Amino acid sequence: MAGSFVEIQIPQQKLYSGIQFPVVITPSPAVSALTKTIEAQKPYLEAQLRKSGAVLFRGFPVNSASDFNDVVEASGFEEFPYVGGAAPRTNVVGRVFTANESPPDQKIPFHHEMAQVPEYPAKLFFFCEVEPGSGGETPIVLSHIVYERMKERHPEFVDKLEEHGLIYNRVLGEDDDPSSPIGRGWKSTFLTKDKSIAEERAAKLGMKLEWLEDGVKSIMGPIPAIKYDSTRQRKIWFNSMVAAYTGWEDARNDPVKAVTFGDGSPLPAETIFDCLKVLEEESVAIPWHKGDVLLLDNLAVLHSRKSFSPPRRVLASLCK
């Protein structure tokens, strides 16, 4: 416990090696402003994030998108520009965006934010502005635990993954399609209307583009599927394999073709679905309360979204 807040326990938390996942922090009577808490307790909070991978701030007076923007600014983390990501998002204010705007009946599978491109955010903030009618949690899971369990259950598959990496294929339309969880068009993905600039920006991300009549096919990889988290000295399941294979589906995309081994060979379906089972088993899903702010270390933790009945408004901010 530090002077300006209190650590509490809630029923959904999991305990790994004596460490709560996530850490849950509420205000003390003395200081209720989250911006002040973050500014005053930065080293302590960064240590908690490093230790647990996720910190939930609950019960602080964060009521609007601009309050949330103030919290993000108070953290001192640098802004990460959203170039190359797949989700349709809208800028709300300052550094704050809508989270993935895909329809409420769709689940969003577990993923590290932008694991399918070489440059990705280090930290993510989420904020619940309007709590869901029902459902709509943002389940989280520790990446190194997923790696360890997959290595135990499917050692040959994991070896092949470590050797070859993965290739991701996605067909993008020209404009955003908000009905699709991967509906970000090429113009907003690469922040340009000019095909040659889009190609330059794609190349910087290590992505190849093949132009089609009404859009473009993007090919990313091979890129590593397993990374080494040097801060915590452990291997992590840093990929979008399950998300791509089970969720990259719309009028333009067949999820089974969305991801392959780095040598082009197909992934075994039963192993992917077993991985999905591991992710579900190890995950923590905390119902959102209005005003909740969740801070994730994007190297340590994968996140997803459950389907929900409206209303629900969760905002996000990506940081370096």
Side-chain angles (χ1 to χ4, degrees), residues 54 65 68-69 72 79-93 95-117 119-121 123-141 168 170-173 175-191 218 220 239-253 255 258-259 276 279-280 283 285-288 292-296 298 301-319:
F68 175 47
N69 193 59
V72 174
E79 182 172 11
F80 182 91
Y82 190 59
V83 180
R89 294 176 190 266
T90 310
N91 185 220
V92 180
V93 60
R95 294 169 57 174
V96 173
F97 286 77
T98 54
N100 190 322
E101 292 172 325
S102 62
D105 60 337
Q106 293 182 2
K107 276 184 185 170
I108 296 169
F110 280 102
H111 61 288
H112 284 279
E113 194 62 39
M114 297 175 70
Q116 76 280 10
V117 287
E119 288 183 27
Y120 43 81
K123 299 174 187 75
L124 316 173
F125 280 98
F126 291 102
F127 161 61
C128 178
E129 189 179 25
V130 179
E131 61 185 72
S134 67
E137 299 94 335
T138 299
I140 52 176
V141 65
Y168 300 95
R170 191 162 60 88
V171 178
L172 293 73
D175 299 308
D176 288 4
D177 171 8
S179 72
S180 161
I182 51 161
R184 204 161 175 230
W186 67 261
K187 288 179 177 175
S188 64
T189 298
F190 301 111
L191 306 175
S218 69
M220 170 58 76
N239 60 67
S240 297
M241 177 186 82
V242 169
Y245 197 92
T246 64
W248 286 15
E249 183 170 13
D250 61 14
R252 292 184 175 84
N253 289 277
V259 59
L276 185 57
L279 288 160
E280 298 283 355
S283 70
I286 299 170
W288 282 113
D292 280 353
V293 173
L294 178 63
L295 171 59
L296 301 182
N298 191 37
V301 176
L302 299 98
H303 66 280
S304 64
R305 185 198 78 187
K306 292 196 175 188
S307 57
F308 63 93
S309 53
R312 175 191 191 266
R313 186 162 154 99
V314 172
L315 304 176
S317 187
L318 314 183
C319 305

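Atoms considered below: every heavy atom in the structure, side chains included; atoms not considered: hydrogens, waters and symmetry mates. Computed from a predicted model, the values in this text were never measured in an experiment. For this chain, numbers begin at 1 and follow the sequence in order.
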Listed partners of Lys306 passing side-chain hydrogen bond (donor to acceptor under 3.5 Å, both in side chains), at least two apart:
none
Residues at least two apart in sequence or cross-chain that pass side-chain hydrogen bond (donor to acceptor under 3.5 Å, both in side chains) with Ser102, listed by chain then number, are Asn100
The test is side chain to side chain contact (heavy atoms under 4.5 Å, CB included); show your working for Glu79 and Leu318 and say whether it passes.
CA-CA 6 Å; Glu79 182 172 11; Leu318 314 183; over 6 Å; no
Before giving the answer on side chain to side chain contact (heavy atoms under 4.5 Å, CB included), spell out for His112 and Asn239 the whole-Å C-alpha distance, their side-chain angles and the decisive distance to 0.1 Å.
CA-CA 7 Å; His112 284 279; Asn239 60 67; over 6 Å; no
State the [atom1]-[atom2] distance between [X] and [Y], to the nearest 0.5 angstrom.
X	Y	atom1	atom2	answer
Thr138	Arg305	OG1	CZ	8.5 Å
Ile182	Leu172	CD1	CG	8.0 Å
Phe308	Glu137	CZ	CD	11.5 Å
Phe97	Ser317	CZ	OG	8.0 Å
Glu280	Phe110	CD	CZ	5.5 Å
Phe127	Trp288	CZ	CH2	9.5 Å

How far apart are the C-alpha atoms of Lys123 and Phe80, what are their side-chain angles, what is the distance that settles it, and do they pass the side chain to side chain contact (heavy atoms under 4.5 Å, CB included) test?
CA-CA 9 Å; Lys123 299 174 187 75; Phe80 182 91; over 6 Å; no
What is the minimum heavy-atom distance between [X] and [Y], and which atoms define it?
X	Y	answer
Ala258	Ala244	CB-O, 3.8 Å
Gln106	Ser179	NE2-O, 3.4 Å
Pro178	Pro103	O-CD, 3.8 Å
Cys128	Val314	CA-CG2, 4.4 Å
Asp292	Pro287	OD2-O, 4.1 Å
Asn69	Val93	OD1-O, 3.7 Å

Show every salt bridge (charged side-chain N to carboxylate O under 4.0 Å, His left out) that has at least one partner inside residues 124-134, sequence neighbours left out.
Glu129-Arg313
For Glu119, does the CD atom sit with more than 12 other heavy atoms under 6.0 Å from it, leaving out its own atoms?
no
Does [X] use its side chain to pair, donor to acceptor, with the backbone of [Y] at less than 3.5 Å?
X	Y	result
Asp175	Gly185	no
Tyr168	Val117	no
Asp105	Ser307	no

Contact check, side chains of [X] and [Y], non-hydrogen atoms, under 4.5 Å:
X	Y	answer
Ser304	Pro139	yes
Ser309	Ser134	yes
Cys319	Val72	yes
Arg312	Val130	no
Leu315	Val92	yes
Leu302	Leu279	yes

Stepwise side-chain hydrogen bond (donor to acceptor under 3.5 Å, both in side chains) test for His111 and Gln116
CA-CA 9 Å; His111 61 288; Gln116 76 280 10; over 6 Å; no
Stepwise, does the side chain to side chain contact (heavy atoms under 4.5 Å, CB included) test hold for Arg252 with Arg170?
CA-CA 8 Å; Arg252 292 184 175 84; Arg170 191 162 60 88; over 6 Å; no
Qualifying residues under side chain to side chain contact (heavy atoms under 4.5 Å, CB included), relative to [X], sequence neighbours excluded:
X	result
Thr90	Thr98, Glu101
Tyr120	Met114, Lys227, Phe238, Asn298, Leu299
Asp176	Arg184, Ser188

I'd like to know if Lys107 pairs up with Glu249 as an ion pair, taking the criterion as any Lys NZ or Arg NE/NH1/NH2 lying under 4.0 Å from an Asp or Glu carboxylate oxygen.
no
Can you classify the ring geometry of Phe68 versus Phe125 as parallel (below 30°), tilted (30 to 60°) or perpendicular (above 60°)?
perpendicular
